[in-house]
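In what follows, chains are A, B, ... by sequence order, proteins preceding strands, each numbered from 1.
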Amino acid sequence: MRAGSYEIKLVKRISLTNLRALMLSVIAGVVALFAFGFVFVAAGIDPFMAYQKIFSFSFFNDFGLPLTINRFIFLLLCTYAFIIPFRAGLWNIGMPGQLYAGSLAAFGVLHVLDIGKSTTSHMSPLIIWGLMLAAAAVAAAATGAIAGFLKGKYDINEIVVTMMLNYMAYWLVSYMIKEGGPFMNPGGRGESFELPSSLHAPLIWGSPYTLLIALALGLMLFHMFAKTKLGYEIRAYGQNPAAASYAGISRFRIPLLVFILGGAIAGLAGYHYFGAVPGVYKIARNYGFFGDLAFYGIICGLISRGNPLASIPVAFLFGGLSVGGRYVQGELGMSFGLDYALLGVLMITLVAFQFFYQYQIVTTRIRKETSDVGILH
Amino acid sequence: MWEFFIRSLDASTIFLIAGLGELIGQRSGVLNVGIEGAMLFGATLGFMTAQSTGSYLLGFLVGMAIGGLLGLMHGFFSISLKVDQVVSGMGIWILGFGLTTYLGAPYAGPLGMDRIPTVMGLSPFFVLAVVLAGAVWFVLSKTSLGLQIRSVGEDPSVAEVSGINVSKTRYYCSIMAGMLMGLSGAIYSLDYNPVWNYNFLQGWGFIALALVFFSLWNPFILLGGSVLFGTFWQLSLNPQLVLPGLMSRYVWRMVPFAITLGVLLMMSTKWFRDRWGSAKPQALGQPYFKD
């Protein structure tokens, strides 16, 4: 395209420096929040006041901050579940299904040990927590493995598969906790039995211990992608599966592995919300809401460009925004689903920004002599 | 039983119309994984319009228009900006899922209008869907426009050399695809089940996407697949009709999704691919770079 004596061209970026990526991500976030401001304007609410309320509730309020931290742990785990396959160029949108499977398995441990009905247990809580975590990770990894296996072995679109698994797991949870299902709460309120108080997760600085697990996972994943052979193979597969397979990287093993790893982490997210967050300690009736929230993991993963350490502040910010969104919705009398609307606006803005991550706009001045002798070229 | 059969055909209408949209888009090389988002938008805005104006016609038109706009947006992202088509499609889905939850919330509940008249219980939209399937088949395989669309989906650079405007063709197909998805959503919320509830589609769009792969990009196979899955879906809602008391109703709800997985698996075996695998548009999902 030409404008005067300048030529404007789209050039595909060969590489993107970390600094520039960070800059683009920050701009994307700001643009998304600006765009979301129009949702407030449309509802006749001053967006600055609304944002101020959101931020002060989520980050500077004794009641809101713990909610934000719990949400942050959940989102961070979901983000990791998304970015491990994402670095391999695959889309894990099966976090809801995987976390439902993980929650069912964690509560399944209690069910098998027959702890749910009696309030005391002869086993050490430490062992039971360990079993719950392990069961959640294994069950969710197995759910993820289905998608990874079908992708690796038969090249079946992982989006369709993970989505089908999401709905299957969703109804499985309904079956387990409602209408006489095995995990039904004795009160019959359409939710699962409760964790006995002796098994309430230990708190560290007022937050569930899963916080440490999530942060440690971040460091481990960063190390894995940067320094290990597996991390390299995942990245190579993500760049170009065909080229990677010439280099001896298996087109079966990588999809399977990334979905197992991602699934396992999503399972921990399920355990975290239903088994470790103070005041929950059961598979809640509105468990579908937590499945929906898991999609924030996609956004955190996209904006942090698949970087496990960059995901930490991003998940904290969006955790706060989603908590604050729900709060101002009630406070300002707005209609249900403000946090969902935010999810949508953030997502579509990030999609538009994918363009800037891949291309840059280059303007060059057209020199007179070259444009005159064009026929010789 | 007649009622169940009719209800199944009504359900298949929704799969079929959304699937036909996706099929047109995919034939031109544009993969849109955000069908469910476009359907949610069409359903929600159609519902809101119909309820506030009292006009079904306006509801359907708005549903189609918003679907077309989303198709245009998908085209802009994936054709002009060359963003990965999967990324853009996921964006449409999550935008639809998120925004319609908020927009529709004040309208939650039944539509409260007279039902659309039926012929012996059958919705006129089923007839429309079958006619559409025939029309799409005719245009795609018997007209020069169809040849143009297919060539763009198979090998865009060859199409370009033979004088076809690749970007323009893909844009039109993507918009058309979006309009059909929006219409399908509006049929759901205005005719099939006129009650608004948040994220009520619960996977219809994704099953429609799987059905397009299943159809080998042939509108008539898509019609057959839609009727089959419409029946499965109704069965999963009313298991007592066939096997009363066998399993919990929640377990039955899992069945259509499990069958979808089974069908996808069957289609991906070497045996199947060797015979029918070549039906897939060669350039599906790939952005076109003009050099």
Side-chain angles (χ1 to χ4, degrees), chain A residues 10 12 39 42-43 89 91 93 146 150 153-157 159-161 163-181 288 292 295 298-299 302 329 334-359, chain B residues 31 33 36-37 73 76-78 80-84 86-108 198-199 202-203 205-207 209-210 213 236 247-261 264-265 267-270 273 289:
Chain A
L10 280 183
K12 198 166 171 114
V39 173
W91 279 73
I93 54 167
I146 298 173
L150 292 177
K153 182 94 176 166
Y154 298 107
D155 198 25
I156 304 178
N157 186 312
I159 291 177
V160 178
V161 174
M163 217 55 215
M164 296 299 123
L165 291 171
N166 283 349
Y167 291 112
M168 288 171 72
Y170 177 87
W171 291 114
L172 185 63
V173 175
S174 279
Y175 164 68
M176 296 300 275
I177 69 174
K178 291 179 185 173
E179 292 181 11
D292 296 342
F295 294 128
I298 299 179
I299 288 166
L302 285 179
Q329 172 190 309
M334 298 175 73
S335 65
F336 170 79
L338 197 62
D339 39 0
Y340 285 87
L342 175 67
L343 177 76
V345 172
L346 280 168
M347 181 70 190
I348 207 72
T349 315
L350 281 175
V351 170
F353 264 79
Q354 293 301 308
F355 167 74
F356 294 105
Y357 289 119
Q358 287 174 29
Y359 296 90
Chain B
L31 172 73
V33 294
E36 180 126 342
M73 189 171 80
F76 178 69
F77 284 147
S78 60
S80 295
L81 296 188
K82 297 181 174 51
V83 168
D84 186 296
V86 171
V87 178
S88 167
M90 292 314 297
I92 287 172
W93 168 55
I94 293 186
L95 177 74
F97 162 60
L99 216 50
T100 59
T101 297
Y102 173 74
L103 291 175
Y107 296 81
Y198 106 91
N199 196 22
Q202 292 283 336
F206 287 96
I207 288 189
L209 176 62
F213 296 132
S236 76
M247 287 189 291
S248 153
R249 64 191 178 101
Y250 295 120
V251 177
W252 278 103
R253 295 299 295 272
M254 298 165 67
V255 170
F257 303 109
I259 294 176
T260 308
L261 283 183
L264 285 173
L265 180 62
M267 287 184 56
S268 309
T269 54
K270 191 169 179 316
R273 283 200 173 177
F289 294 92

Does any backbone or side-chain atom of [X] lie under 4.5 Å from a heavy atom of chain A? Answer side chain, backbone, both or neither.
X	value
Leu209(B)	side chain
Leu103(B)	neither
Phe206(B)	both
Ser88(B)	both
Phe76(B)	neither
Met267(B)	neither

With a 4.5 Å heavy-atom cut-off, do [X] and [Y] have their side chains touching?
X	Y	result
Gln202(B)	Tyr167(A)	yes
Tyr340(A)	Tyr198(B)	yes
Phe77(B)	Ile348(A)	yes
Ile207(B)	Met163(A)	no

Report which part of [X] has an atom under 4.5 Å of a heavy atom belonging to chain B: side chain, backbone, both, or neither.
X	value
Asp339(A)	neither
Met334(A)	side chain
Val39(A)	both
Ile146(A)	neither
Leu150(A)	side chain
Tyr357(A)	neither
Leu350(A)	neither

Restricting to non-hydrogen atoms, name the atom on [X] and the atom on [Y] that form the minimum distance, rounded to 0.1 Å.
X	Y	answer
Leu81(B)	Phe355(A)	O-CD1, 3.2 Å
Ser174(A)	Tyr250(B)	CB-CD2, 3.5 Å
Val87(B)	Val351(A)	O-CG2, 3.5 Å
Leu264(B)	Ile156(A)	O-CD1, 3.8 Å

| Within a reach of under 6.0 Å around CZ of Phe97(B), are more than 12 heavy atoms found that belong to other residues, nucleotides or ligands? | yes
| Stepwise side chain to side chain contact (heavy atoms under 4.5 Å, CB included) test for Leu261(B) and Leu165(A) | CA-CA 9 Å; Leu261(B) 283 183; Leu165(A) 291 171; 3.9 Å; yes
So, taking the atom named [atom1] in [X] and the one named [atom2] in [Y], what distance separates them when rounded to the nearest 0.5 Å?
X	Y	atom1	atom2	result
Met254(B)	Met164(A)	CE	CE	13.0 Å
Trp171(A)	Ser236(B)	CH2	OG	8.5 Å
Ile299(A)	Ile94(B)	CD1	CD1	5.5 Å
Asn199(B)	Asp292(A)	CG	CG	6.0 Å

| request: Give the C-alpha distance, both sets of side-chain angles, the deciding distance and a yes or no for side chain to side chain contact (heavy atoms under 4.5 Å, CB included) between Trp93(B) and Phe295(A). | output: CA-CA 11 Å; Trp93(B) 168 55; Phe295(A) 294 128; 3.3 Å; yes
| request: Please lay out, stage by stage, how Ile92(B) and Met347(A) fare under the test side chain to side chain contact (heavy atoms under 4.5 Å, CB included). | output: CA-CA 8 Å; Ile92(B) 287 172; Met347(A) 181 70 190; over 6 Å; no
Residue selection (most heavy-atom pairs with chain A, distance under 4.5 Å) from [options]:
options	value
Thr269(B), Asp84(B), Val33(B), Val86(B)	Val86(B)
Tyr102(B), Phe213(B), Trp252(B)	Tyr102(B)
Gly37(B), Gly98(B), Gly104(B)	Gly98(B)

| message | Set out, in order, the CA-CA distance, both residues' side-chain angles and the distance that settles side chain to side chain contact (heavy atoms under 4.5 Å, CB included) for Phe257(B) and Val160(A), then state yes or no. | response | CA-CA 10 Å; Phe257(B) 303 109; Val160(A) 178; over 6 Å; no
